[in-house]
Amino acid sequence: MLHTHDYWMNKALLEARKAEAIAEVPIGCVIVHDNKIIARAHNLRETKQDPAAHAELLAIRKAARKLGSWRLLDTTLYVTLEPCLMCMGAILLARIPTVVFGCFDPKAGAAGSLFDLSNDPRLNHRFDLIANVRKDECSGLLTSFFADLRRKRRTAHSQQG
């Protein structure tokens, strides 16, 4: 049975919730090949103190190991937030043919918000882009995470004063 984009985005949302549970920005990613998840990851920048530990990069590395190739042909990457420049670069280099994301990132997005690297004729690879899959759930998770973080900071600041 072939699953829908909605189904796979739900799996990415489960990864995002794992990130949230450990106080990481709740972004999750899964990579699908032959109707199976071959890699899953969530943000680990704080945990690893690694600026490159984005969900997409971690998942791409796992998928390459799983397939035994850096070329992730015939895969689809699902991520809860529009990829940034770094992640879009990795997606291009990995030759991923389809990227599906939940919500746009107006501050750092490179799949339509600030830039669109998915269809740039100057680059040697292009891919299909599908946006706004489970948009409200994806953006709501991020909005509530950052609101909670601001509230915690205000509380900590007021207790110090």
Side-chain angles (χ1 to χ4, degrees), residues 3-32 36-64 72 75-94 96-120 127-161:
H3 296 292
T4 65
H5 292 315
D6 201 64
Y7 174 86
W8 296 118
M9 187 59 71
N10 185 58
K11 301 299 184 187
L13 278 160
L14 292 173
E15 284 298 311
R17 288 186 185 99
K18 289 179 186 176
E20 181 182 41
I22 58 171
E24 291 278 356
V25 176
I27 300 169
C29 180
V30 297
I31 298 177
V32 176
K36 289 184 214 119
I37 293 176
I38 59 166
R40 62 181 77 223
H42 51 274
N43 268 16
L44 290 173
R45 289 191 324 167
E46 297 298 328
T47 302
K48 292 181 176 259
Q49 288 301 297
D50 178 356
H54 288 205
E56 300 97 318
L57 258 57
L58 298 171
I60 287 169
R61 288 177 180 144
K62 288 178 183 179
L72 301 182
T75 63
T76 301
L77 182 144
Y78 292 86
V79 63
T80 55
L81 181 67
E82 176 186 7
C84 69
L85 279 168
M86 176 180 66
C87 293
M88 286 294 277
I91 288 164
L92 285 161
L93 293 172
I96 295 172
T98 306
V99 173
V100 180
F101 66 89
C103 59
F104 281 94
D105 182 354
K107 293 183 180 177
S113 287
L114 296 178
F115 307 96
D116 185 0
L117 298 185
S118 69
N119 198 25
D120 191 319
F127 54 89
D128 293 329
L129 199 57
I130 299 164
N132 294 323
V133 174
R134 298 187 77 159
K135 175 181 101 172
D136 293 340
E137 198 170 346
C138 292
S139 65
L141 189 59
L142 287 160
T143 300
S144 66
F145 174 81
F146 285 112
D148 190 44
L149 189 63
R150 284 189 297 275
R151 189 173 18 81
K152 286 177 184 172
R153 285 183 181 156
R154 276 193 306 270
T155 302
H157 181 64
S158 66
Q159 289 174 349
Q160 289 175 353

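Taking the six-membered ring where the residue is Trp, Phe101 and Phe104 present perpendicular rings, their angle passing 60° and hence far from 30°. Using the six-membered ring where Trp is involved, His5 and Tyr78 have ring planes that are tilted, between 30° and 60° apart.
Heavy-atom minimum distance, Thr75 versus Leu72: OG1-O, 2.6 Å. Across all their heavy atoms, Thr47 and Ile22 have their closest contact at OG1-CD1, 3.8 Å. The minimum heavy-atom distance linking Ala59 with Ala41 is given by the pair N-CB, 3.7 Å. Counting all heavy atoms, side chain and backbone alike, Ile31 lies closest to Ala63 at CD1-CB, 3.9 Å. The heavy-atom pair separating Met86 from Ala52 by the smallest distance is CE-CA, 3.8 Å. Minimum heavy-atom separation, Cys29 to Leu77: SG-CG, 3.7 Å.
When side chains are defined from C-beta on, Pro97 does not count as touching Asp128, because their heavy atoms never get closer than 4.5 Å. Annotation: side chain of Leu81 is in contact with side chain of Leu142 (closest heavy-atom distance under 4.5 Å). Side-chain contact between Thr76 and Val30: absent, with no pair of heavy atoms (C-beta onward) separated by less than 4.5 Å. The side-chain heavy atoms of Leu117 and Leu85, taken from C-beta on, include a pair separated by under 4.5 Å. Residues Glu24 and Phe145 fail the side-chain proximity criterion, which asks for heavy atoms closer than 4.5 Å.
At most 12 heavy atoms of other shown residues, nucleotides or ligands fall within 6.0 angstrom of atom NZ in Lys135.
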### Query
Yes or no on side-chain contact (heavy atoms from CB on, under 4.5 Å) for Arg45 and Asp50, after CA distance, side-chain angles and deciding distance?
CA-CA 5 Å; Arg45 289 191 324 167; Asp50 178 356; 6.0 Å; no
### Verdict with supporting geometry, Val100 and Trp8, side-chain contact (heavy atoms from CB on, under 4.5 Å)
CA-CA 9 Å; Val100 180; Trp8 296 118; over 6 Å; no
### Task
Could you please spell out the steps behind the side-chain contact (heavy atoms from CB on, under 4.5 Å) verdict for Met9 and Cys138?
CA-CA 9 Å; Met9 187 59 71; Cys138 292; 4.2 Å; yes
### Stepwise side-chain contact (heavy atoms from CB on, under 4.5 Å) test for Ile130 and Val99
CA-CA 6 Å; Ile130 299 164; Val99 173; over 6 Å; no
### Query
Can you list the steps and then say if Arg17 with Glu20 is a salt bridge (Lys or Arg N to Asp or Glu O under 4.0 Å)?
CA-CA 5 Å; Arg17 288 186 185 99; Glu20 181 182 41; 5.6 Å; no
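Between Arg153 atom CZ and Phe146 atom CZ the span is 8.5 Å, to the nearest 0.5 Å. Atoms CD and CD1, on Glu56 and Ile96 in that order, are 9.5 Å from each other to the nearest 0.5 Å. With rounding to the nearest 0.5 Å, the separation of CG in Leu14 from OG1 in Thr80 is 11.0 Å. Rounding to the nearest 0.5 angstrom, the gap separating the CD1 atom in Ile27 from the CG atom in Leu58 is 11.5 Å. Note that CD of Glu15 is 8.0 Å distant from CD1 of Ile37, once rounded to the nearest 0.5 Å. From Leu13, atom CG reaches atom NE2 of His42 across 13.5 Å, with rounding to the nearest 0.5 Å.
Remark: Asp136 pairs with no residue by the side chain to side chain donor-acceptor pair (under 3.5 Å) rule, at least two apart or across chains.
No side-chain donor-acceptor contact under 3.5 Å links Lys62 to the backbone of Ile38. Judged by distance alone, with hydrogens and angles left aside, the side-chain atoms of Glu82 form a donor-acceptor pair with the main-chain N or O of Ala111 at under 3.5 Å. Judged by distance alone, with hydrogens and angles left aside, the side-chain atoms of Glu137 form no donor-acceptor pair with the main-chain N or O of Arg134 at under 3.5 Å. No donor-acceptor pair closer than 3.5 Å links the side chain of Asn43 to the backbone N or O of His54. Judged by distance alone, the side chain of Asp105 and the main-chain N or O of Lys107 form a donor-acceptor pair under 3.5 Å.
Of the residues listed (Asn119, Asp116, Thr98), the one engaging Leu129 in a side chain to side chain contact (heavy atoms under 4.5 Å, CB included) is Asp116, and it is the only one.
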